[in-house]
Amino acid sequence: MSNVKVAVRVRPINKRELDQNGKSIVDTNGDAISVTNIKVDSNAEYGDSRERIKTFTFDYCYDSTGEPHSPQYAPQQLVFQDLGTEVLQAAFEGYNACVLAYGQTSTGKTYTMTGIREDPGLIPRICEGLFSHVDDFEASDRTTFRVNISYLEIYNERVRDLLRPSLSQRNEKYTLKVREHPKEGPYVQDLSSHFVKDNEQIQTLLDKGNESRTTASTYMHDHSSRSHAIVTINFIQAKLDDDLPHEIVSKIHLVDLAGSERADPNWSLNYKGRLKEGSNINKSLVTLGNVIKTLAEKSILSWSTDSLGSTQSFASSGGGEGRASPFCSPKRMRLPYIPYRDSVLTWLLKDSLGGNSKTIMIATISPASICYNETISTLRYAQRAKNIVNKPKINEDASVTLIRELRSEIDRLKNMLSTSQMGESMLPIQDSGQALEQQLQLQEDRANKLTQTWMDKWMEAHEIIKESDLSIRGLNKASSMGVLIDSQMPHLIGMDSDILSTGVIIYHLKEGKTLVGKEDAKREQDIVLNGPGIQREHCLIKNVDGSVTLYPNRGSHCTVNGLDCKAPVLLKQGDSVILGKSQMFRFNNPAEAAVLRERRASQECLLDEPTSPSFMETDQHRTVTASRTHWDGVPYHEFSWSKNTTGAPI
Ligand SMILES: Nc1ncnc2c1ncn2[C@@H]1O[C@H](COP(=O)(O)OP(=O)(O)OP(=O)(O)O)[C@@H](O)[C@H]1O
């Protein structure tokens with residue numbers, strides 16, 4: 001059990017607040033923070049029912065109201081030292097961790113989480129710390145690590161992938177679906193997950209995600225984040241100790257919430273979109289507030305249920321007077337329903353709030369008197385969050401747990417065997433020496449096989465990932481047969497032309513030009529092919545912003561979906577490409593595939609109606625219909641395949 005830790009950070013007063021005659025009303029003293037209500041007269045003879053000074057205590061208070069670099073200013077480094085290192089420690093121990101920044105708009109959530117280039121915030125510092133520890137460990141220990149990152153935003157209650165560059169750049173209005181896995185809980189379907197090898201790669205992805213985030217100018221803040229942003233880092237550590245595999249997995253959520261705000265009538269009238277945004281932001285923050293409130297109540301209730309339970313048993317054993325009231329008997333007390341599903345945000349953060357995670361909340365506030373009401377409401381929100389009790393546990397890979405259990409069973413059988421051999425026991429027949437030996441052999445075989453499979457899977461994934469921008473995972477949750485190799489870049493998948501080779505080759509089609517030809521071409525070719533019909537300079541493949549076009553060179557033989565290409569052809573997801581006489585490839589465009597999957601899921605028409613069939617070719621085996629249209633309106637060749645006359649699929 002572990003309570004949510006809560007920190008408060010106060011930012012410097014700003015010009016807008018000073019221009020409105022705002023006074024600084026917040027004081028910190030150690031872990032206590034006091035807010036003065038200047039509307040309550042300190043000398044009021046007959047008093048005022050409202051308190052003039054309200055004091056709250058938290059796990060950490062950061063006073064960043066002074067000049068940066070002055071001793072009075074709590075810097076980013078201090079916040080990282082206290083909170084970031086806790087997150088790292090949890091991750092290395094195999095716990096899930098979460099940091100949530102909450103506060104009124106323009107109070108410093110993004111500054112604290114992301115920071116600025118000269119003075120980075122918690123997210124980049126945690127990533128840097130993660131890789132610097134990984135480097136230390138890899139040098140001194142036999143542990144190997146895998147880090148994956150995804151970055152999403154929830155905008156107007158819809159989910160957007162911030163790391164799918166080509167689609168975000170085109171401003172596609174697409175939404176990802178939130179689904180629930182029976183064991184692993186809520187997740188975002190088709191969210192891209194990127195393997196990162198070092199700090200530089202992760203920082204590049206973070207920058208990319210930050211650039212795509214939805215921001216706008218509001219009356220409170222010129223660069224207000226209008227979405228909730230969640231960076232998720234999956235951190236896996238594995239090692240083999242005395243032939244025993246260890247694999248622990250930690251999920252780190254780093255959340256920069258959109259700011260709560262008052263709607264300014266004049267501003268909102270001019271910006272209708274802002275009003276809808278504002279109401280969606282406030283709605284999900286209200287749900288978050290309800291979840292926090294209910295969880296806090298639940299913790300108090302379960303605490304009192306526990307203490308009532310112990311009082312009762314004490315009373316019934318005749319040891320005291322305490323008797324639980326029939327109105328609050330533990331049996332009657334029903335724990336409240338937690339409204340996680342009322343917003344996408346709370347649904348996705350289900351585990352971080354009241355579940356399997358070590359969670360920290362950072363409440364950010366302004367020191368200005370004009371923000372008094374919002375500041376008090378933020379501090380109350382944060383105060384409640386302190387009462388949430390989570391149940392973090394170390395996340396061990398399921399097959400590793402099984403291997404460990406088998407190994408301890410093997411030790412037990414070995415002990416029994418040696419006892420039976422010494423003839424010291426009166427073992428039943430099924431535990432006789434011979435039966436035990438058989439059982440032992442069986443379990444050892446199982447454990448060895450599982451260990452080998454685990455090692456192969458880990459080494460293979462690790463080696464391939466080292467080489468390229470790929471992610472590899474089991475084909476599906478229910479089966480360990482098969483491995484799915486995923487890449488975020490457009491690519492061609494081919495077979496090695498050597499009939500004795502068993503390899504599958506992935507050719508990434510990088511942004512810009514990829515030359516395809518033979519080794520002895522005048523210019524160096526990016527993809528070198530051999531085999532019948534391949535020309536020295538066979539073709540050129542151009543990737544512009546995720547759109548990939550094949551340009552056949554004069555006289556070279558290229559076909560797409562069975563049609564000869566004499567002119568450039570825009571490739572689409574799933575196209576089958578033959579170069580020369582026998583080199584076959586399948587073209588994959590992950591970004592396009594994701595959009596098509598979404599369309600399929602939302603039961604929209606997968607593709608527009610073909611505008612005009614350009615030709616139809618029929619023979620006794622198949623029918624190929626070709627048309628010109630494209631998923632984003634760009635023309636391309638589209639083919640539909642029917643079955644052959646015998647009904648067997650082609
Ligand atoms: N601790 C701090 N020290 C110095 N400047 C700060 C601090 N916190 C915030 N600021 C400044 O205050 C302004 C608002 O900060 P920020 O954008 O982080 O607010 P926010 O809470 O994320 O706002 P929103 O919810 O509207 O996105 C920025 O100009 C930022 O540089």
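The model shown is predicted, which means the values in this text are computed figures rather than measured ones. Order of appearance sets the numbers: ligands from 1, and atoms from 1 within every ligand.
- Residue Thr110 has at least one N or O atom closer than 3.5 Å to an N or O atom of ligand 1.
- Geometrically, Lys386 engages Phe58 in a cation-pi contact defined by less than 6.0 Å to the ring centre and at most 45° from the axis.
- Evaluated by nearest non-hydrogen atom to atom 31 (O) of ligand 1, the leading choice among Tyr111, Tyr62, Tyr73 is Tyr111.
- Note on ligand 1: Thr364 sits outside its first shell, no heavy atom being nearer than 4.0 Å.
- For a threshold of 3.5 Å applied to N or O pairs, the pair formed by Asp256 and ligand 1 contains no separation below that value.
- Here Arg146 does not pair with Glu247 in a salt bridge; the nearest charged N to carboxylate O distance is not below 4.0 Å.
- Ligand 1 has at least one atom lying under 4.0 Å from a heavy atom of Pro12.
- Listed by atom number, the atoms of ligand 1 under 4.0 Å from Ser64 heavy atoms are 1 (N).
- By heavy-atom distance, the residue among Arg16, Lys109, His228, Arg213 lying nearest atom 25 (O) of ligand 1 is Lys109.
- Between Asp207 and Arg117 there is a salt bridge, since a side-chain N of the basic residue sits under 4.0 Å from a carboxylate O of the acidic one.
- Using a 4.0 Å cut-off between charged side-chain N and carboxylate O, Arg125 and Asp119 make a salt bridge.
- The closest approach between a heavy atom of Pro68 and any atom of ligand 1 is not below 4.0 Å.
- Looking at ligand 1, you'll find an N or O of Gly108 within less than 3.5 Å of one of its N or O atoms.
- The structure places CG of Asp27 at 8.0 Å from CD1 of Ile53, a figure rounded to the nearest 0.5 Å.
- Between Arg341 and Glu180, at least one side-chain N (NZ, or NE/NH1/NH2) sits under 4.0 Å from a carboxylate O, which counts as a salt bridge.
- The Gly259 neighbourhood of ligand 1 comprises atoms 25 (O), with distances under 4.0 Å to a heavy atom of that residue.
- Separation of the Phe92 and Phe235 ring centroids falls under the 6.0 Å cut-off.
- The pair Asp256-Arg213 counts as a salt bridge, with a side-chain nitrogen and a carboxylate oxygen less than 4.0 angstrom apart.
- Using a 4.0 Å cutoff on heavy atoms, Met113 does not count as a contact of ligand 1.
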